[in-house]
Amino acid sequence: MSSIIIFVSFCSWSLAGVCGAEVKSVSVTEGDSVTLESALTEMKSNDLIMWRFGNNLLAKINRKDNKRETFNGPNGSFTDRLKLDSQTSSLTIKNSRISDSGLYNITTSSSNTLLNTFNLTVYAHLPAPVISNSSSVQYCSVVCSVVNVSAVSLSWYKGNSVLSSISVSDLSISLSLPLEIDCLDDSYSCVVKNPISNQTQHLDIQVCQFCEDCICCCGFAEAVIRLALAAVVGVATVAVLVYDVTSRRSDQRNRKQTSPSDSE
Ligand SMILES: *[C@@H]1O[C@H](CO)[C@@H](O)[C@H](O)[C@H]1NC(C)=O
Ligand SMILES: *[C@@H]1O[C@H](CO)[C@@H](O)[C@H](O)[C@H]1NC(C)=O
Ligand SMILES: *[C@@H]1O[C@H](CO)[C@@H](O)[C@H](O)[C@H]1NC(C)=O
Ligand SMILES: *[C@@H]1O[C@H](CO)[C@@H](O)[C@H](O)[C@H]1NC(C)=O
Ligand SMILES: *[C@@H]1O[C@H](CO)[C@@H](O)[C@H](O)[C@H]1NC(C)=O
Ligand SMILES: *[C@@H]1O[C@H](CO)[C@@H](O)[C@H](O)[C@H]1NC(C)=O
């Protein structure tokens with residue numbers, strides 16, 4: 001007898017949300033459909049199953065007559081967007097909106113048991129980042145920007161390594177992240193990311209007119225050729241200088257020779 005009482009009190013304790021404290025996190029991108037699983041294993045013939053969003057009743061199924069009903073939710077925001085599976089009692093939210101984010105739960109009336117609690121997060125679509133140059137800067141510098149975002153990070157990558165990164169939490173703001181390029185090649189990209197998706201933009205070499213000076217040679221052979229070219233140019237410059245100096249000297253000598261005042 002006492003064990004039954006303990007069991008009952010344990011159950012009502014769980015109704016207070018202590019036992020059902022496990023909240024399942026569900027994430028989706030705005031516009032996509034999302035299904036919250038009922039986790040119903042067996043259904044009693046007289047069960048009344050209810051889905052709630054916060055304190056708002058969204059849907060109910062009466063197992064007695066299998067009658068299903070969905071409601072429009074707060075301010076009618078769920079109108080025509082809810083689907084209740086007749087077999088599983090799972091709730092599908094179509095064309096999800098950011099304002100759908102929050103806590104959902106499903107209960108059954110027979111035992112007044114909380115079956116499941118969900119924390120739904122609907123993320124905004126990520127805009128593609130834009131890479132642009134800054135005309136005021138005379139060297140290899142570009143900037144990546146993204147407008148009107150929240151809960152994202154913006155990063156520069158070279159290949160798979162992160163070069164720099166900034167992030168924003170809740171506010172909807174614009175972000176920009178500059179990059180000074182050491183060695184221009186096509187391995188740079190800018191990535192905007194939230195916890196469930198990302199958008200990537202590769203650096204187009206055309207965007208950097210002044211970047212000729214920062215094109216690094218990557219292959220060994222190319223390096224040797226460049227070095228050799230530089231040496232040839234260097235030697236040619238010295239040769240011109242030497243020629244110039246010699247010819248000036250001989251000019252002076254000629255002048256000296258022809259100058260009458262200087263003769264001894
Ligand atoms: C379900 O959620 C609503 C709103 O948060 C809450 O009032 C209700 O107590 C919850 N039900 C259970 C059984 O925890
Ligand atoms: C319903 O709309 C009103 C006015 O637009 C707003 O103040 C209120 O917060 C909304 N309620 C919910 C639950 O979204
Ligand atoms: C729900 O998820 C959001 C985003 O991950 C989080 O910030 C929030 O604290 C969660 N809420 C609860 C009650 O778990
Ligand atoms: C910024 O984003 C919000 C929601 O994501 C949207 O309602 C608003 O129109 C956007 N503003 C601009 C200027 O794009
Ligand atoms: C972007 O997302 C794709 C798949 O969604 C993933 O393969 C890739 O690693 C992600 N990129 C970054 C930089 O997180
Ligand atoms: C800036 O980028 C554009 C292409 O997006 C290019 O036509 C222009 O020459 C670049 N300007 C500089 C200063 O690099």
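Note that ligands are numbered from 1 as they come in the structure, with each ligand's atoms numbered from 1 the same way. None of these values were measured; they are calculated from a predicted model. Reckoned from all heavy atoms, side chains included, excluding hydrogens, waters and symmetry mates. Numbers here simply count residues along the sequence, with the first being 1.
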* Lys94 and Asp32: CA distance, side-chain angles, deciding distance, salt bridge (charged side-chain N to carboxylate O under 4.0 Å, His left out) verdict -> CA-CA 7 Å; Lys94 293 181 278 186; Asp32 289 352; over 6 Å; no

* Return yes when atom CG of Asn66 has more than 12 non-hydrogen atoms of other residues, nucleotides or ligands closer than 6.0 Å, and no otherwise. => yes

* Asked: Going by an N to O cut-off under 4.0 Å, is there a salt bridge joining Asp47 and Lys64?
  -> no

* **Closer than 4.0 Å: a protein non-hydrogen atom to atom 7 (O) of ligand 3** => no

* Asked: Taking the side chain as C-beta and beyond, is there a heavy-atom pair between Lys60 and Ser109 under 4.5 Å?
  -> no

* Structure fact -> re atom 9 (O) of ligand 3, the protein heavy-atom contact at minimum distance is Asn119 ND2, 4.7 Å

* Nearest-contact summary for atom 5 (O) of ligand 3 - protein heavy atom, Å -> Thr121 OG1, 4.0 Å

* Asked: Are the side chains of Phe71 and Leu82 in touch, meaning some heavy atoms are under 4.5 Å apart?
  -> no

* Is there a protein heavy atom less than 4.0 Å away from atom 11 (N) of ligand 5? -> yes

* To do: Could you say whether the N/O atoms of Asn198 and ligand 5 ever approach to under 3.5 Å?
  => yes

* Short N or O distance, Tyr123 and ligand 3, threshold 3.5 Å exclusive -> no

* Sub-4.0 Å protein heavy atom near atom 2 (O) of ligand 5 -> yes

* By number and element, which atoms of ligand 5 are closer than 4.0 Å to a non-hydrogen atom of Tyr157? -> 13 (C)

* Check: Ile131 and Val143 side chains under 4.5 Å, non-hydrogen atoms -> no

